[in-house]
Amino acid sequence: MRERSSWLFTVLCLVLIAVFGVDRSNAQSRPVPEVGVVADDNKSYFASYTEVDPLRHSFENSVMKGMVTFLGGDRWKLDLRAKRPLQRIYFPAQSKRSPVAPRVSDEIFYYPRVLGLAEKASARDKDWDWGLKLIYPGQLFAPLVVLASSSEARMVAATNWPPKKVKPLYGAERLTLLYEEDVPVNASVSYEAMVVDVKGNSASGDVPWQLALDRYRAWLDSHMPVPNYPDWMWEGQGFLDIFLALQSPFDIRSIRSLYQNYKHLYPWVLFWGQMTAPGSKICCALNEEMHPDYLPALPDFVREVVAGGGHAGYYSAPYYGTDSGHPRRNLETHEGSDWFLTWIGKNKSYGANSYYIDTLGWSYYGEPAKVMNLFASGLIPKDSLIEGVTDIYPAASLVAGSLAGSGDGRDGFCGAPYKTPETFDRTTFPRFGRYLFGDRLFYGGIANQDSTFWGNVRYWKRKDSKRLQVCGYVSYCEDNGPCEYGTERLAFLLGEKLDVRTPKDNEILDAIIQERIRANWWARRPVYLDTKGLELTSIPRDSKVEITRFRAKDGSTLFAISNPKLVAGLSFRFKGTSIAVPVKKIAIVE
């Protein structure tokens, strides 16, 4: 019997190596990820392993029994059975610190909220003081977290398929994944995770956090295709953002004039606030019906746009809840999906041929596989733009707000132009998420808090906003600016289409559009590669010059360059070649 078991195991190993690239010697060189649980006595328990063979390690104690299996590459699987009721499972857990630099001050945590947040490890250095404890999918755009320096990075990522609800946690040079799941006695659960350790050299363009994300993106691509966006979304430079609830009185003539003047650049128009009265300033009420003040003029105009070959749509949202008496309705429930799909149908009856879906990409709305099925089945139309991004939701994304951040600023993640993780304890870092989703269709611009840095009107000086005061933008912009046109420059550097409310008299917006038209930008389907392969050490920080790299569909390399102070004589290197920085505020170099 033992000979038969040995023979079966040998065959299994050979099959795993052939199919999945599982190398037993590679498994032996890697520490087995820890498993930790919290039982119904509210105490923590950790697994102690017994090696079954180089690929498998078993464990058993008073509360659990199970096996951790090496799947090859960076991936591991946990199979666990509860011996007493469990409340939380940590896999991988991390009881000891795992630094990626000699000094904690040189390490940065990267977190997948909004389009990326960054926090210095020295600002989150107290043992068991976890950072933001948010849920994937929705609240987080990917089930992962990264700790990186300029030379090394470590990442943990959930690789469950179908995806599962999980909380990635970080703090005190530790990374872990938390499953808040009640597991009854004798019940079994399984989870899969990726544990990545990479080395690089940021100065030469081999950025460790990018190298870590590459591993997760390769796994994601093996499980789902890149979203197939409608052809019409690639046309034009973005969309016109019409906030109806700011207008009093409502005047369809001014909206028609705006669209006619700019439809050659923005053939898509989206309306917020059609549910509330003009002048109410309420963009996002949970009301499927259009307010009578807009009838019939607004639907008639939308049908006019559609008849002329354009696209138009209205606000909609899942039922995100208003108070304890009217809680959130998850899309996995009949009540939640019926509410949401009824709203989509109602907007279609008002003439829409495209759809804006608020909060979907930034909030948790139920079991991931069931939400994914709403896209796969076509119940959520392909002609949709969702707020935020989630890796498993195949839709174009409005990511406005990823520069300034969200909330009231008390969490410290107040982003601003030129604010970097290396120089501030906490900041937004939209390059993180944009790099992971470099081939996806994003729209950035004036919506959400990013109106703070739109144009040259200096919204950051407003004294009626608590958030602006908490974030200290007046002193920041005086010391670190220019902050003017920061939102437009970011959309340009990240390769995003534009969310535009006021297209007139904006020199940077005009320059972006002119350069993109000149370079035939959107027809070339550029993929964002951030700074991969770029040597930028010759660019002084105080020059405010920023450079990002793209790959066009024909394989050519494009660089987006912002030079707001018109600094002359600068250059950078790519593949051994020196490339001059144009003395232009906005430039595309091929």
Side-chain angles (χ1 to χ4, degrees), residues 138 239-256 258-259 268-306 310-331 333 335-363 365 374 379-381 383-388 395-398 400-401 406 443 445-449 451 499-501:
F239 67 84
L240 288 173
D241 177 329
I242 309 297
F243 192 172
L244 292 166
L246 291 179
Q247 297 190 5
S248 184
F250 168 62
D251 181 10
I252 196 65
R253 292 171 300 177
S254 63
I255 294 173
R256 179 178 284 107
L258 177 68
Y259 178 74
W268 189 12
V269 57
L270 287 174
F271 296 95
W272 274 255
Q274 81 276 0
M275 313 81 67
T276 54
S280 68
K281 300 183 181 179
I282 300 174
C283 71
C284 311
L286 288 173
N287 182 0
E288 298 165 330
E289 301 291 335
M290 184 174 290
H291 193 277
D293 284 2
Y294 302 117
L295 296 171
L298 183 57
D300 287 348
F301 171 70
V302 165
R303 294 185 180 97
E304 178 185 317
V305 170
V306 172
H311 284 78
Y314 307 98
Y315 178 91
S316 67
Y319 198 94
Y320 51 75
T322 55
D323 52 44
S324 59
H326 302 85
R328 178 188 301 265
R329 303 174 189 173
N330 281 348
L331 290 171
T333 67
E335 185 181 31
S337 61
D338 184 63
W339 158 271
F340 171 61
L341 296 176
T342 297
W343 199 344
I344 293 289
K346 182 69 68 172
N347 285 350
K348 186 175 182 179
S349 75
Y350 293 134
N353 65 345
S354 62
Y355 309 89
Y356 175 70
I357 305 172
D358 197 20
T359 73
L360 180 57
W362 279 354
S363 298
Y365 279 108
L374 294 175
L379 291 174
I380 296 179
D383 299 306
S384 295
L385 178 71
I386 67 172
E387 183 188 39
S397 295
L398 176 63
S406 58
Y443 292 75
I446 198 169
N448 299 326
Q449 298 287 350
S451 59
D499 160 23
V500 178
R501 194 171 295 164

Has the side chain of [X] got a donor or acceptor atom that lies under 3.5 Å from a matching backbone atom of [Y]?
X	Y	result
Glu387	Asp358	no
Ser397	Gly388	yes
Ser384	Ile380	no
Thr276	Ile282	yes

To the nearest 0.5 Å, what is the distance between [atom1] on [X] and [atom2] on [Y]?
X	Y	atom1	atom2	result
Lys346	Met275	NZ	CE	14.0 Å
Tyr443	Leu270	OH	CG	9.0 Å
Ile344	Ser349	CD1	OG	11.5 Å
Thr359	Tyr319	OG1	OH	12.5 Å
Tyr365	Ile357	OH	CD1	10.5 Å
Phe340	Leu286	CZ	CG	12.0 Å

**Residue pairs involving residues 291-306 (criterion side chain to side chain donor-acceptor pair (under 3.5 Å); sequence neighbours excluded)** = Arg256-Glu304
**Request:** Verify the distance criterion only: is there a donor paired with an acceptor across the side chains of Asn330 and Glu335 at less than 3.5 Å?
**Result:** no
**Asked** Regarding Asp383 and Tyr355, is there a side-chain donor-to-acceptor distance under 3.5 Å anywhere?
**Response** no
Would a 4.5 Å heavy-atom cut-off, applied to side chains only, mark [X] and [Y] as touching?
X	Y	result
Leu258	Ile242	yes
Phe271	Val269	yes
Asn347	Tyr350	yes
Arg328	Ser363	yes
Glu288	Trp339	yes
His311	Val305	no
Leu298	Ile252	yes

Indicate the atoms forming the closest heavy-atom contact of [X] with [Y], along with that distance.
X	Y	answer
Pro318	Leu360	CG-CD1, 4.4 Å
Trp268	Ser354	NE1-OG, 2.7 Å
Gln247	Pro278	O-CB, 2.9 Å
Ala447	Ala400	O-CB, 3.5 Å
Ile386	Ala395	CG2-CB, 4.0 Å
Tyr259	Gly310	OH-CA, 3.8 Å

**Prompt:** Restricting to pairs with a member in residues 268-283, which pass salt bridge (charged side-chain N to carboxylate O under 4.0 Å, His left out), not counting sequence neighbours?
**Reply:** none
**Request:** Quick one: do Tyr314 and Trp343 satisfy ring-ring contact (aromatic ring centres under 6.0 Å, His included)? Show the steps, please.
**Result:** CA-CA 10 Å; Tyr314 307 98; Trp343 199 344; over 10 Å; no
**Message:** Could you go through Trp362 and Leu398, starting from their C-alpha distance and side-chain angles, then the distance that decides it, and tell me whether this counts as side chain to side chain contact (heavy atoms under 4.5 Å, CB included)?
**Reply:** CA-CA 10 Å; Trp362 279 354; Leu398 176 63; over 6 Å; no
**Request:** Could you tell me whether Arg501 sits above the aromatic face of Phe243, with NZ or CZ closer than 6.0 angstrom to the six-membered ring centre and within 45 degrees of the axis?
**Result:** no
**Asked** Which is it for Leu244 and Ile255 under the side chain to side chain contact (heavy atoms under 4.5 Å, CB included) test, yes or no, and what are the steps along the way?
**Response** CA-CA 10 Å; Leu244 292 166; Ile255 294 173; 3.9 Å; yes
